[in-house]
Amino acid sequence: MQPDRVIIHVDFDYFYAQCEERENPTLNNKPVVVCIYSGRGEDRGAVSTANYIARKYGVKSGIPILQAKRKLQDVDAVFLPANFNLYEKVSESIMTILRSYADKFEQVGIDEAFLDVSRRTNASYESAKELAQKIRNEILEKEKITVSIGIGPNKLIAKIAAGRQKPSGLTLVRPEEVEGFLAPLVVNELLGVGKKTTVAMHEIGINTIGELAELDLEKLVKRFGKVLGIYFHNAANGEDLSPVQERGMAESISRILTLKQDTRDLDALLEVAHKICDDIFNRAGELNLSFRTIGIQVVFHDMTTASRAKTFDAPVESLDVLKNTAKELFEKLLEETPKEIQARRLGVRISGFTAGRQAQMHITEFVKD
Ligand code: DCP
Ligand code: CA
Ligand code: CA
């Protein structure tokens, strides 16, 4: 049997919007909406996230910017374009703080992480709670960002707990409380239960995690297949053995952008592609990664996609090589697609990483056990 574990999950509150508030105090007490503009005309694009004041008006991630503007038309709201460099910088600083509190650490995306604190707390939930408060205070003091924290016997419970009392929440679920904690929650609180699965579960009369937990495993397997059926059964019963583990080096760095208009003009494509090249080359430099593979990707106006790549024997050292290779690849790709098909979006990707000296040191630093 696995020894008792204590896992902490941390999720930063309304993260992109909170970064903007931190940088600009005049935003205080106003609805703040962070937007990802598509570049195809004013106000076209989607809401990335919004602060909690804006959420009261129904603004949330993923809705069109225009819809958000309508919802907030009578109030003094602020709409800002996403500034990813800022969010990445803040995220990195907070992750460094979090890592220092963990026996084992796992970052998930830009604003979440798991900390296995079993050893340093002696598997005590009381000391885990104190630790969580310390973590929260340090992040607030040093980075001026509020986070929500969940504590539980595994990653599944810790993550659900962190989402229960946002913002600035701290939710503790001891092993003996797991069943009662999960039972009343709706099934889509479980990771992997999306819209379709929720509907499928409603069809067999399942609404809550408690109901799912009581359902015969055989019935679940019949309906969802062996792998998913067993997963749902275990998850609904609060069981999750997955370890907290440091994620390896990124496999690739890429960016994709939408063209101002559909085109197959090479210069128009390269204008955007070179911007992306600058970006990803810098990012690889920051991470001290050398790459050997350069790839391009195009989404055409009919939503078909195509990609091409080239791998070098030795690491690519210069931005010029990256840009020239991207150019070659786009040229070839255009030649090989029918004349009437126009490009709409394009991306550049680098991969085949080898770590520079500094990055290697960084990686061994992570291995604490
Ligand atoms: N994000 C995005 N588009 C989405 C969802 C999220 O661009 N459809 C970005 C913006 C968010 C960040 O990812 O700030 C983190 O996503 P979360 O789902 O954790 O949402 P928030 O941190 O914004 O809010 P919450 O306080 O609910 O965690
Ligand atoms: Ca968040
Ligand atoms: Ca998140």
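These numbers come from the heavy atoms of this one structure, side chains and all, not from hydrogens, waters or symmetry mates. Just follow the structure's listing: the first ligand is 1, and inside any ligand the first atom is 1.
At the shortest separation from atom 3 (N) of ligand 1 among protein heavy atoms lies Ser48 O, 3.4 Å. In terms of protein heavy atoms, atom 15 (C) of ligand 1 is closest to Asp111 OD2, 3.4 Å. For atom 12 (C) of ligand 1, the closest non-hydrogen atom of the protein is Tyr16 CE1, 3.9 Å. Protein heavy atom at the shortest distance from atom 8 (N) of ligand 1 is Ser61 CB, 3.6 Å. Nearest protein neighbour of atom 11 (C) of ligand 1, counting heavy atoms only, is Thr49 CB, 3.8 Å.
For the pair Glu106 and Arg99, the salt-bridge criterion is not met [side-chain N within less than 4.0 Å of a carboxylate O]. Using a cutoff of 4.0 Å between basic side-chain nitrogens and carboxylate oxygens, Lys144 and Glu23 are not scored as salt-bridged. Using a cut-off of 4.0 Å between Lys/Arg side-chain N and Asp/Glu carboxylate O, Arg40 and Asp262 are scored as salt-bridged.
Shown in contact with Phe12 at under 4.0 Å from a heavy atom are these atoms of ligand 1, numbered in order with element: 22 (O), 28 (O). Annotation for ligand 1: atoms under 4.0 Å from non-hydrogen atoms of Asp11 are 19 (O), 28 (O). Numbered from 1 in the order shown, with element, the atoms of ligand 1 that lie under 4.0 Å from a heavy atom of Tyr14 read 21 (P), 22 (O), 23 (O), 24 (O), 25 (P), 26 (O). Each of the atoms 14 (O), 21 (P), 22 (O), 23 (O) of ligand 1 lies under 4.0 Å from some heavy atom of Phe15. Short contacts between ligand 1 and Arg55, defined as distances under 4.0 Å to a heavy atom of the residue, involve ligand atoms 21 (P), 23 (O), 24 (O), 25 (P), 26 (O), 27 (O).
Taking the six-membered ring wherever Trp is involved, the centroid distance between the rings of Tyr16 and Tyr87 falls below 6.0 Å. A distance of 6.0 Å or more separates the ring centres of Phe114 and Phe105.
Residue Leu346 is tested with Leu257, Ile256, Val299, Ile276 for a side chain to side chain contact (heavy atoms under 4.5 Å, CB included); the sole match is Ile276.
Annotation: the span from Leu220 atom CG to Ile230 atom CD1 amounts to 10.0 Å, rounded to 0.5 Å. In this structure, CG on Asp302 lies 5.0 Å from CD1 on Ile341, to the nearest 0.5 angstrom. Summarising the geometry, atom CZ belonging to Phe224 is positioned 6.0 Å from atom CZ belonging to Phe232; distances are rounded to the nearest 0.5 Å. The CD1 atom of Ile296 lies 12.0 Å from the CZ atom of Arg349; values are rounded to the nearest 0.5 Å.
For atom 18 (O) of ligand 1, the protein comes within 4.0 Å by no heavy atom at all.
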Any chance you could lay out the salt bridge (Lys or Arg N to Asp or Glu O under 4.0 Å) test for Lys155 and Asp240, step after step, and finish with the verdict?
CA-CA 7 Å; Lys155 285 162 73 172; Asp240 170 25; over 6 Å; no

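Excluding waters, the count of protein N/O/S atoms less than 3.0 Å from the Ca ion (ligand 2) comes to 3.
Put simply, the side chain of Asn154 gets close to the backbone of Leu156: a donor and an acceptor are under 3.5 Å apart.
Any N or O atom pair closer than 3.5 Å counts here, and Asp13 shares no such pair with ligand 1. Considering backbone and side-chain atoms alike, Val47 places every N or O at 3.5 Å or more from each N or O of ligand 1.
Within the 4.0 Å heavy-atom shell around ligand 1 one finds Tyr52. By the 4.0 Å heavy-atom criterion, Lys60 is excluded from the residues contacting ligand 1.
Within the cation-pi definition used here (under 6.0 Å to the ring centroid, within 45° of the axis), Lys134 does not qualify as a partner of Tyr101.
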